[in-house]
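Quantities reported herein were computed from a predicted structural model and do not represent experimental measurements.
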Amino acid sequence: MSLLVVGLSHRSAPVSVLERASLSADAQLKLLQDTVAADPAAEAAVLATCNRIELYADVDKFHAGVAELSTLLAQHSGVGLEELTPYLYVHYEDRAVHHFFSVACGLDSMVVGEGQILGQIKDALARAQELHTAGRLLNDLFQQALRVGKRAHSETGIDRAGQSLVTFGLEQLAAGGEVRDWARGKRALVIGAGSMSSLAAATLARAGVGEVVVANRTLDRAARLAQILAEADGTDVPARAVPMESVPAELTRADVVVSCTGATGLVLTAEAIAEAVEGRTGTPAAFDAADDEQTTTGADVRPLPATSVGADENCPLDLAAVQQAPVPQAGFSVLGEAAVAGMDAATLEQHAAWVDNATVDRRAAARRPEADAELISALAATAATVGRIPERRRPEPVAMLVRPEPVLFLLDLAMPRDVDAAAHRLAGVRLVDIESLAEASADAPMAADVDQVRRIVADEVAAFGAAQRAAHITPTVVALRAMAADVVAGEIARLDGRLPGLDDKHRAEITQTVKRVVDKLLHAPTVRVKQLAAEPGGAGYADALRTLFDLDPETVAAVSRAEESTEMNAENRGPA
């Protein structure tokens, strides 16, 4: 097996490159024909979707195959080889199988678990079969990939992963409330018209938003999505499409914004969002510092007394932050509770050791260092026992500035991000992005589903490799048995010459006896050699068998061609 895949996808290339490298139907046909006509490749298939372009081939030379496939991709895509090369990835043999099975299961999709890829794989196989560019290897590979993908969807919840991400993101925007109650009547702006954006738009429409506006670089795609939303059963939501240039104006009208594009830069800057909020409220949307600074309302705030450690950069505690806190309960200095409240035991012990080692000038005249060291040691011992400083010994909670209710809800489902992370700090804005979703959903069911699918892929890759290696030796075994049959026939003919009066009954019995002897002698070696050939590195057993029994290579090749022709005639009736 010498499977090679060269391609690019949304994971390796920006959308601008993917769009320019996209292949028309005619270009795909010409690429297949040119690939099998090239010297290193015997078979070829193209998987071309909106998010990936991959060329699969059975090659006899790795480096020559990579060079040839890369050149052909560049020629037929219209993107220069020098420009295209940095975005190309290459997988070979078992790694290529693993990649393809992962693609078939939706693990490599922009929307994890999406099932549309299976139809695209089926179409790619049908196209290669129609042009007779798919031989035994690619037929087996694509058929098995379809089975693996179907198994992943039937045995796990991977197909719910994309739905879960959108739903969970909206639930985060709703801050624990019912999404339907929160979304009802709101105006929604969806940026992007891909799979995830479409899913988000449909989810919002079902939730009862008052309007859905779709913005996309390609206006036709936005219009198609808007039409689907407007005509969908069970929804009665007006939907319209706008070009990307209209996003700033639409942002001023929108209550909810969902963005999921393939852009490599920011789609919505913090400044643009602030302007939109100001346009909605009539007041500037200042950056809220409530998350960064502690403030009190009506409290007596006094500065901390001077200490010997407040400016020492070697201190394991963040004392600079402590200096901004209100005065702790009486009797504790910066080396006491205000500094260590909430710290874990290991950090407290580190701080105690730092004090005890006298790495700073504690100004004995100004304070009694023994008391500080004793205090920290006592606090460390307490933390080691209960895990944290007891709540009753922590400083009184401080009042936080109350943030205004959000007027603009942002859901960023893109990776890399579409929305400036600084928008988290904008007053009047609630932003949920991939990073915050990951933190909030560390134990989400989709993670377990993805792990389960990965195990399925690993098992199927091992099984496919074993089957291919075993199949590789089959023509040699068949040729060996054919040679043994010829030897038996020759010996029976020679026996007829020496014993011309032998009757048919005895001749048949002798013939059957000789065949049984040969079969028994060959049975164990041929069964064992198939088992050994199925293991990694087992390809050499076919060569050993041919050498030991002096088999004619052309005979083996003829058997292989005959088997392949029979299999292809059956498989070309259509993919499973």
Side-chain angles (χ1 to χ4, degrees), residues 1-3 42-43 58-60 93-94 97 129 132 134-144 147 460-573 576:
M1 180 180 65
S2 300
L3 177 66
E43 305 177 32
D58 181 9
V59 299
D60 57 5
E93 294 190 332
D94 283 352
V97 176
Q129 289 175 338
H132 304 290
R136 171 189 287 172
L137 175 59
L138 292 186
N139 269 294
D140 289 349
L141 176 71
F142 275 66
Q143 296 279 4
Q144 186 66 17
R147 287 189 286 269
E460 292 286 355
V461 169
F464 183 81
Q468 289 297 310
R469 287 186 291 269
H472 180 70
I473 204 170
T474 298
T476 303
V477 172
V478 172
L480 173 61
R481 289 191 172 276
M483 184 189 75
D486 290 342
V487 170
V488 170
E491 289 301 314
I492 294 300
R494 193 165 67 90
L495 181 63
D496 284 342
R498 297 177 61 182
L499 299 174
L502 194 65
D503 59 72
D504 292 343
K505 179 180 178 181
H506 288 92
R507 183 186 298 105
E509 185 64 32
I510 293 173
T511 300
Q512 189 63 29
T513 299
V514 175
K515 286 182 177 179
R516 282 198 298 267
V517 170
V518 172
D519 286 342
K520 288 183 178 180
L521 286 173
L522 291 181
H523 176 72
T526 53
V527 169
R528 185 60 180 146
V529 79
K530 286 184 178 180
Q531 294 172 342
L532 293 171
E535 298 175 358
Y541 287 100
D543 296 333
L545 208 60
R546 286 193 294 269
T547 301
L548 288 172
F549 288 93
D550 195 24
L551 298 175
D552 182 9
E554 180 54 35
T555 301
V556 176
V559 173
S560 180
R561 287 193 297 269
E563 288 188 348
E564 183 172 338
S565 176
T566 302
E567 291 176 0
M568 287 184 64
N569 287 336
E571 289 169 340
N572 280 341
R573 299 189 188 113

* Polar side-chain atom of Glu43 near backbone of Leu138 as donor-acceptor pair, under 3.5 Å -> yes
* Structure fact -> Sorted by chain and number, sequence neighbours left out, salt bridge (Lys or Arg N to Asp or Glu O under 4.0 Å) with Asp519 holds for Arg481
* Structure fact -> On a heavy-atom basis, the closest approach of Arg516 and Glu509 is NH2-OE2, 4.0 Å
* Asked: Who passes side-chain contact (heavy atoms from CB on, under 4.5 Å) against Val488, sequence neighbours left out?
  -> Ile492, Val514, Lys515, Val518
* Asked: Heavy-atom distance under 4.5 Å between the side chains of Arg147 and Gln144, does that happen here?
  -> yes
* **Residue pair Leu3, Asp58: steps toward the side chain to side chain contact (heavy atoms under 4.5 Å, CB included) verdict** => CA-CA 5 Å; Leu3 177 66; Asp58 181 9; 5.9 Å; no
Report, one line per pair, each donor and acceptor closer than 3.5 Å where one atom sits in a side chain of residues 493-508; sequence neighbours left out.
unit_1: Arg494; atom_1: NE; unit_2: Glu491; atom_2: OE1; d: 3.4
unit_1: Arg494; atom_1: NH2; unit_2: Glu491; atom_2: OE1; d: 2.9
unit_1: Asp496; atom_1: OD1; unit_2: Arg507; atom_2: NE; d: 2.7
unit_1: Asp496; atom_1: OD2; unit_2: Arg507; atom_2: NE; d: 3.4
unit_1: Asp503; atom_1: OD1; unit_2: Lys505; atom_2: N; d: 3.0
unit_1: Asp503; atom_1: OD1; unit_2: His506; atom_2: N; d: 2.8
unit_1: Asp503; atom_1: OD1; unit_2: His506; atom_2: ND1; d: 2.8
unit_1: Asp503; atom_1: OD2; unit_2: His506; atom_2: ND1; d: 2.6
unit_1: Asp504; atom_1: OD1; unit_2: Arg507; atom_2: NH1; d: 2.7
unit_1: Arg507; atom_1: NH2; unit_2: Leu502; atom_2: O; d: 3.0

* Heavy-atom side-chain proximity of Phe464 to Asp94 below 4.5 angstrom -> no
* To do: For residues Ala484 and Leu522, report the shortest heavy-atom separation together with the two atoms involved.
  => CB-CD1, 3.6 Å
